[in-house]
J.: 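A single structure is presented below for examination.
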Amino acid sequence: MEINTLRVESSLWIGNKRYRAALSGWYFSWTELDKKNREKKTVSVRVAEVIGVEDGRVEIQPQKKVEDTERDFTLFYVKRSGRGSSQGGLWSLGRTQFTCPSRDLRDQWVTQLRTALKTHSPSRPHRLLVFINPFGGKKRGKQIYHSLVAPLFELAGISSHVVVTERANQARDHILKKDLTGFDGVVCVGGDGMFSELLHGVIGRTQQEAGLSEHDPSGVLKPCDLHIGIIPAGSTDCVCFATVGVNDPVTSALHIIIGDSQPLDVCAVHHKSSLVRYSVSLVGYGFYGDVLAESERHRWMGPLRYDYSGCMVYLCNQSYQGTVQFLPADPGLSSPRDKTRCLSGCRVCSESTEKLFPLSDSCSLYSDKLSQYSNQSEGEWMSVAGRFKCISLTCMSSSCPKSPLGLSPSAHLADGTGDLILVRDTNPLSFLTYLHRHTTSQDQFDLPFVEVHRVKAIKFSLPPGEQYDEDEDEEKMDHNAEVEAMEHPDTVQGGHDYRSSSQQHLAGTGKERGTPIKSSMRDFLCGVCCSKPPAVSVWNCDGEILPHIEISCRVHGQLVRLFARGIEDDGRAWGLCEDSRNCKGRCTPHSR
Ligand SMILES: CCCCCCCCCCCCC/C=C/[C@@H](O)[C@H](COP(=O)(O)O)NC(=O)CCCCCCCCCCCCCCC
Ligand SMILES: Nc1ncnc2c1ncn2[C@@H]1O[C@H](COP(=O)(O)OP(=O)(O)O)[C@@H](O)[C@H]1O
Ligand SMILES: [Ca+2]
């Protein structure tokens, strides 16, 4: 073996083929040699993407098997397996078994590789707190974690403390109240609802520890240090899809292991002067609110409940009046219609980091932000009033398997802004065109009844005549929730109501609010033709129904960090662009 400060090199075998292996800088690579020592194919692995180096011949799937042969070592690393297919962004565990000329050389390689790993990958987590929702999605959370994720964590030397939740909000409360010393991150195995619990726990805890109130609508929040990991096992899994590019438990586990870090904008939703919830994907009124409210009654259908409810709500053809005020973001930086995609290492997001946290190092991040806010004039609020099919605010693209490019394909994960999409009342066919464009790469904003604005904050209010006392309405809701619980015990699992308190709160309020909550198809269709159209809808906040209608939202740039790196650009950033017929011109060279 030749070792100098820059390079370690020796001959090795893989099976009966001879290779020259070299560890230099950020890469470990091995090149096949023919009998005349001519170089053939080379494989290179980034040291930062090595998962583990083990003595002997080791397998971890389907079961762990170790054969401690003395001249061998096994390298585990990230392998990009979905290139050029519809699974771009998909990672798997690569494994190569090397045979060295002697045991001594094997020990040297293992030591050198492990040392390089520590040097080039200093921010890997060592200890994680994992929450599994056993009822999320297709109810496979426990199985997914134990069969696919735990063996990878073990291989990478990560110790994890696992909590299988027994009730909604258990994960949030655990993060808010329990001792978290020694944990480098929290991980959820579940859907967007489970992620939202971790989000609320982590943000709440960080503000508590900093002595800050979360309730001031114009207050500054402290960015959170504790990273969040998502192992997708839910219904929509939008946060995972939009930050990783695929919904795959192994890919997400590998991003967690190598300590990837993706900052994420968070929208704080307030009613008057109290915090209602945080959101990262969708704050939606009208169509998406109604779909969620309807879908809660069909939880037993699993992920299909959204398609069923989507069709039902579409048939109802409702629209709602209101006034949306918004604070536009700086148009010089980016626009929701600039046909770019926020990809791993995004320029707009990095430039925003400098704007959000000028001259910052990690210690002064928060105080810098505070002074920046206090020095900054807010800009001018704009206002749009009318009747809408839906109003959506999203801090990121909100791409998901149903909509591979998302609600706002050019939105950014970490630029401190959100995209406000206003879909005015229109005929059912035009609205269907709008919805359908979410499933193709056709521009859903290129329709006369749709407008989109990049914003820092919004406020929603009902028309003066439609306003009502929401507090009085909430009392009605309490009564209706009791009736609902008696009529529909199927939504109650294991003695606990599966829905969160705000969902329970709104259950059965179809008469008051614009949700077609009817118990059967007959009632439903009857409701479509006979009943008076409802005046108000509900807000869907990342899959939770909000207990208020008049709300204000503010985007907090890069408030949390995920174990992710954004979508890697493998030429498929526009989803369908390997197929020029479907691309419809949106696959512009500058977007790649
Ligand atoms: C004609 C096909 C139309 C497809 C329209 C797809 C739009 C998809 C936009 C998705 C935005 C997702 C934002 C994320 C929300 C999640 O946080 C949240 C919670 O997720 P979890 O249950 O995993 O915890 N999910 C949701 O609120 C679900 C929203 C899903 C809405 C899907 C609506 C499907 C609509 C189908 C309409 C069909 C009309 C057909 C008429 C003949
Ligand atoms: N053990 C549990 N029992 C009931 N509800 C739970 C439990 N654990 C988590 N939840 C709640 O279930 C809701 C849905 O979970 P999620 O994992 O997002 O699945 P899905 O994507 O199918 O909605 C979340 O809002 C979460 O708060
Ligand atoms: Ca954003």
Side-chain angles (χ1 to χ4, degrees), residues 3-9 12 21-31 42-54 58 60 73-83 88-96 98 108-128 149 151-160 184-185 187 225-231 240 243-246 248-264 343-347 349-350 353 362 413-414 561-570:
I3 305 182
N4 65 46
T5 44
L6 297 172
R7 193 173 168 89
V8 181
E9 196 175 302
L12 294 177
L23 174 63
S24 72
W26 303 92
Y27 287 90
F28 175 58
S29 51
W30 53 99
T31 306
T42 299
V43 179
S44 279
V45 170
R46 276 177 239 185
V47 174
E49 293 181 1
V50 167
I51 301 300
V53 189
E54 299 282 310
V58 180
I60 65 154
F73 72 91
T74 308
L75 182 79
F76 293 94
Y77 50 91
V78 168
K79 192 165 138 195
R80 285 164 177 76
S81 44
R83 273 219 169 114
L90 190 69
W91 287 6
S92 61
L93 183 70
R95 180 177 68 104
T96 303
F98 296 92
Q108 284 187 48
W109 265 117
V110 171
T111 310
Q112 291 288 344
L113 284 165
R114 286 184 178 158
T115 310
L117 196 57
K118 283 209 181 95
T119 319
H120 292 306
S121 228
S123 49
R124 293 190 178 204
H126 300 289
R127 192 159 156 67
L128 294 170
V149 178
L152 293 175
F153 284 178
E154 194 194 318
L155 178 68
I158 294 176
S159 75
S160 44
D184 305 306
V187 172
D225 296 326
L226 199 65
H227 278 63
I228 305 179
I230 311 171
I231 302 293
C240 177
T243 54
V244 175
V246 284
D248 174 62
V250 169
T251 305
S252 291
L254 294 171
H255 281 285
I256 294 171
I257 289 170
I258 67 175
D260 268 345
S261 182
Q262 171 65 53
L264 203 60
L343 299 172
S344 197
C346 170
R347 184 187 53 82
C349 291
S350 339
T353 310
S362 54
L413 290 171
R561 286 186 169 263
L562 304 193
F563 287 117
R565 60 168 63 167
I567 295 170
E568 288 196 315
D569 186 7
D570 64 352

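Given the structure is predicted, the values throughout are model-derived calculations rather than measurements.
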J.: Is the closest basic N to carboxylate O distance between R80 and E49 below 4.0 Å?
T.: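 Judged by the 4.0 Å cut-off on N to carboxylate O distance, R80 and E49 do form a salt bridge.
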J.: Looking only at heavy atoms, which two atoms of A253 and V149 are closest? And how far apart?
T.: CB-CG1, 4.0 Å
J.: Should the pair F73 and F28 be assigned to parallel (<30°), tilted (30 to 60°) or perpendicular (>60°) ring geometry?
T.: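 Rings of F73 and F28: tilted, as their planes differ by 30° to 60°.
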J.: Rounded to the nearest 0.5 Å, how far apart are CD of Q262 and OG of S344?
T.: 7.0 Å
J.: Heavy atoms only: give me the nearest T42-S29 pair and the separation to one decimal.
T.: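 Reported closest heavy-atom pair: CG2-CB, 4.1 Å.
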J.: Okay, side chain of S92, backbone of S81: is any donor-acceptor separation there less than 3.5 Å?
T.: no
J.: On a heavy-atom basis, which atom in T74 and which in R95 lie closest, and how many Å separate them?
T.: CG2-CG, 3.6 Å
J.: Between L152 and F76, is any pair of side-chain heavy atoms under 4.5 Å apart?
T.: no
J.: Go through it in stages, so that I can follow the logic: the residues are T96 and Y77, the test is side chain to side chain contact (heavy atoms under 4.5 Å, CB included), and I'd like the CA-CA distance, side-chain angles, deciding distance and then a yes or no.
T.: CA-CA 9 Å; T96 303; Y77 50 91; 2.8 Å; yes
J.: Quick check for you: to the nearest 0.5 Å, what is the distance between T115 atom OG1 and H120 atom NE2?
T.: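 Answer rounded to 0.5 Å: 10.5 Å.
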J.: Is T243 close to H255 at the side-chain level, that is, under 4.5 Å between some pair of heavy atoms?
T.: no
J.: Minimum heavy-atom separation for R565 to D260, with atom names?
T.: NE-OD2, 2.8 Å
J.: Does any part of the side chain of H227, heavy atoms only, come nearer than 4.5 Å to the side chain of D184, both counted from C-beta?
T.: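 With C-beta onward as the side chain, the pair stays apart.
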J.: Would you please test I230 and S252 for side chain to side chain contact (heavy atoms under 4.5 Å, CB included) and show each step?
T.: CA-CA 7 Å; I230 311 171; S252 291; 5.6 Å; no
J.: Say whether S261 and R561, considering side chains only, have a donor N or O and an acceptor N or O under 3.5 Å apart.
T.: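 Yes, a side-chain donor-acceptor pair sits under 3.5 Å.
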J.: When rounded to the nearest 0.5 angstrom, what is the spacing between CG in L12 and CH2 in W30?
T.: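 Going from CG on L12 over to CH2 on W30, the span is 10.0 Å.
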J.: State, with a plain yes or no, whether a side-chain heavy atom of V47 is found less than 4.5 Å away from one of T119.
T.: no
J.: At their closest point, which heavy atom of A48 faces which heavy atom of S121, and how far apart are they?
T.: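 Heavy atoms only, the tightest pair is O-OG, 3.6 Å.
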J.: If you measure from CD1 on I257 to CZ on F563, what distance do you get to the nearest 0.5 Å?
T.: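 Rounded to the nearest 0.5 Å, the CD1-CZ separation comes to 10.5 Å.
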J.: Decide side chain to side chain contact (heavy atoms under 4.5 Å, CB included) for R46 and Y27; before the verdict, give the C-alpha distance in whole Å, the side-chain angles of both, and the deciding distance to 0.1 Å.
T.: CA-CA 5 Å; R46 276 177 239 185; Y27 287 90; 3.4 Å; yes
J.: Would you mind reporting whether V244 and W91 have side-chain heavy atoms less than 4.5 Å apart?
T.: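 The answer is no, as the side chains (C-beta and beyond) never meet within the 4.5 Å cut-off.
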J.: CD1 of I51 to CG of L75: how many Å apart, nearest 0.5 Å?
T.: 9.5 Å
J.: Report the distance from atom CG of L254 to atom NZ of K79, rounding to the nearest 0.5 Å.
T.: 12.0 Å
J.: How close do C349 and A414 get, heavy atom to heavy atom, and via which atoms?
T.: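 Result for this residue pair: SG-N, 3.4 Å.
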J.: Between L93 and L155, is the side chain to side chain contact (heavy atoms under 4.5 Å, CB included) condition met? List the steps.
T.: CA-CA 11 Å; L93 183 70; L155 178 68; 4.1 Å; yes
